Amino acid sequence: MNNANYLDVPVLFLMFNRPDLSVQVFAKIREVQPKALYVALDGPRGTHPLDAERVSQCLAILKGVDWPCEVKTLVRQKNLGCGLAVSSAISWFFEQEPMGIILEDDCVPDASFFSFCRELLYRYEHHTEVMHIGGVNFQNGKQRGEGSYYFTKICHVWGWASWRRAWKLYDADMTSFPKFKKSKAIDDLFIKKKDRKYWLKNFEMVHSWKISSWAFPWTYSIWINNGLCILPNVNLVMNIGFDERATHTQSKDYMHNEIKAGQLLELEHPSFIIECAEATEYALRNQFSNPNIWVLRYRRFKKILNEFFN
């Protein structure tokens, strides 16, 4: 894999109003010294008087760029919100770069995450069915397939990479969704009724602007184009953003809030570009079935007990 002290693919770093978290992610970016660093910041909210100062503090972190690096910034004067701010920043990034790595301000990667993304970006550059490279693993220690990573339809975005060719298929408004729903195309994606119900409900909420999300439209765009995602067999990114400032991960009872980042130094490639059905099914049952909050708290309590007695 590529030398961790030099990264010849660009990185997009997304920040907003959490300088204490952003500085930790920046430290990891600084370790690998990318040749190009794109930084996007959403604008302050009018109803939050501390936002402007915190956005400025995030921007000041870039003074720590002390290696040869082309730095480009996109600083919004007005707040666009999570969905539009992120998706428009990614579009800005891929307008200028054919491939790259994307990190939000609460996703702290191991250095090997960058090498992992870099090697697979080049390996699958012309494999149009591969649209997304993720950095997390939520398979609870279960090895999937013969390689260091596997293919799945599940799209995780806590540290990821992609190509311009894939992102150009992104449709933030999900304009084809009414036809998708009417045609029951979801039946071709999922066998189980509860899976179809879960995804249709969330897609419907995004399409009707009841929730602001860029990730659901990205998943939708991958699926309607028969795309696949890559995920590693070792978790490479830790999310540190579980507090009241987060948009989607405010609860510390969330099942993945304490998963640490591991390391992957050598890559063994799978023989075939085929979805690992077992991994997809496991994710559907354990991440995307709206688990009861008491189940999550039980898991947390059980973890505390294990740590206390071991």
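Quick caveat: nothing in here was measured; it's all calculated off a predicted structure.
Counting all heavy atoms, side chain and backbone alike, A89 lies closest to L14 at CB-CD2, 3.6 Å. Smallest separation of non-hydrogen atoms from H207 and D173: CD2-O, 3.3 Å. Here the shortest heavy-atom pairing between V157 and E104 reads O-OE2, 4.1 Å. Taking all atoms of both residues into account, the shortest heavy-atom contact from V39 to L12 is N-CD1, 4.5 Å. Between M15 and C58, the shortest heavy-atom distance links the atoms CE-O, 3.5 Å. A261 and V237 get closest at one heavy-atom pair: CB-N, 3.9 Å.
No donor-acceptor pair closer than 3.5 Å links the side chain of T152 to the backbone N or O of C276. Not one N or O on the side chain of R30 forms a donor-acceptor pair closer than 3.5 Å with the backbone of D66. At distances below 3.5 Å, at least one donor-acceptor pair connects side-chain atoms of W67 with backbone N or O atoms of P34. Checked by atom type and distance alone, the side chain of W163 pairs as donor or acceptor with a backbone atom of L121 at under 3.5 Å. Side chain of N137 to backbone of N235: no donor-acceptor contact under 3.5 angstrom is found. Checking side-chain atoms of Q263 against main-chain N and O of D110 turns up no donor-acceptor pair under 3.5 Å. With hydrogens and angles ignored, the 3.5 Å screen pairs no side-chain donor or acceptor of N79 with any backbone N or O of D42. Remark: side-chain polar atoms of T73 are not paired, donor with acceptor, to backbone N or O of V75 under 3.5 angstrom. Side-chain atoms of N17 never come within 3.5 Å of backbone atoms of R54 as a donor-acceptor pair (strictly under, hydrogens ignored). A donor-acceptor pair under 3.5 Å links the side-chain atoms of N233 to the main chain of R144, judged by distance alone.
The cluster map of Ile, Leu, Val, Met, Phe, Trp and Tyr, joined by side-chain heavy atoms under 4.5 Å apart, puts M131 and I274 in different clusters. Note on L80 and Y170: separate hydrophobic clusters, where clusters join Ile, Leu, Val, Met, Phe, Trp and Tyr whose side-chain heavy atoms are under 4.5 Å apart, directly or indirectly. At a threshold of 4.5 Å between side-chain heavy atoms, the hydrophobic network of Ile, Leu, Val, Met, Phe, Trp and Tyr places L59 and I29 in one connected group. Note: the hydrophobic cluster containing V65 also contains L41 (ILVMFWY, side chain heavy atoms under 4.5 Å, direct or indirect links). In terms of hydrophobic clustering, with Ile, Leu, Val, Met, Phe, Trp and Tyr side chains grouped at heavy-atom distances under 4.5 Å, M238 and V23 are assigned to a common cluster.
Around atom CG of N226, no more than 12 heavy atoms belonging to other residues, nucleotides or ligands sit under 6.0 Å away. Taking a 6.0 Å sphere around NZ of K142, one finds it holds more than 12 heavy atoms contributed by other residues, nucleotides or ligands. When the shell of 6.0 Å around CZ of R164 is examined, it contains more than 12 heavy atoms from other residues, nucleotides or ligands. No more than 12 heavy atoms of other residues, nucleotides or ligands shown are found within 6.0 angstrom of CD on E278.
Inter-residue side-chain proximity for Y150 and Q139 is flagged as met; some heavy-atom pair is nearer than 4.5 Å. With a 4.5 Å cut-off on side-chain heavy atoms, P10 and F93 count as touching. Contact annotation: the side chain of V136 never approaches that of I259 to less than 4.5 Å [non-hydrogen atoms, C-beta and beyond]. Side-chain contact check for L189 versus W199: every heavy-atom pair is 4.5 Å or farther apart. Residues L236 and P109 fail the side-chain proximity criterion, which asks for heavy atoms closer than 4.5 Å. At a threshold of 4.5 Å between non-hydrogen side-chain atoms, the residues W160 and W218 count as touching.
The CG atom of L62 sits 6.5 Å away from the CZ atom of F26 when rounded to the nearest 0.5 Å. The structure places CG of L228 at 12.0 Å from CD1 of I133, a figure rounded to the nearest 0.5 Å. Distance CG/N202 to OG1/T219: 10.0 Å, rounded to 0.5 Å. Note: S112 OG to L265 CG = 6.0 Å, rounded to the nearest 0.5 Å. Atom CZ of residue R165 and atom CD of residue E125 lie 8.0 Å apart, to the nearest 0.5 angstrom. Once rounded to the nearest 0.5 Å, the distance linking CG of L120 with OG of S115 reads 10.5 Å.
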One pair to check against side chain to side chain contact (heavy atoms under 4.5 Å, CB included): Y38 and Q96. What are the steps and the verdict?
CA-CA 10 Å; Y38 291 73; Q96 302 172 80; 3.6 Å; yes
Begin from the C-alpha positions of R196 and D188 and carry the test salt bridge (Lys or Arg N to Asp or Glu O under 4.0 Å) through to its verdict.
CA-CA 10 Å; R196 299 195 296 266; D188 295 325; over 6 Å; no
Please assess F177 against V206 for the test side chain to side chain contact (heavy atoms under 4.5 Å, CB included), listing each intermediate value before the final yes or no.
CA-CA 10 Å; F177 178 70; V206 174; over 6 Å; no
Evaluate the criterion side chain to side chain contact (heavy atoms under 4.5 Å, CB included) for residue pair I154 and F288; output intermediate values, then yes/no.
CA-CA 10 Å; I154 300 301; F288 299 104; 3.6 Å; yes
Stepwise side chain to side chain contact (heavy atoms under 4.5 Å, CB included) check, F114 with V9
CA-CA 9 Å; F114 296 98; V9 296; over 6 Å; no
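A cation-pi contact, defined as under 6.0 Å to the ring centre and within 45° of the axis, links K153 to F190.
The aromatic rings of F180 and Y220 sit perpendicular to each other, their planes meeting at more than 60°, with 30° as the lower class boundary. By the 30° and 60° cut-offs, the orientation of the rings of W223 relative to F203 is perpendicular.
H269 pairs in a ring pair (Phe, Tyr, Trp, His ring centres under 6.0 Å) with only one of the listed residues (F151, F116, Y149, Y124), which is Y149. Of the candidates S87, S162, S91, W167 forms a side-chain hydrogen bond (donor to acceptor under 3.5 Å, both in side chains) with just one, namely S91.
Checked for salt-bridge contact, K28 and E31 meet the test: a charged N lies under 4.0 Å from a carboxylate O.
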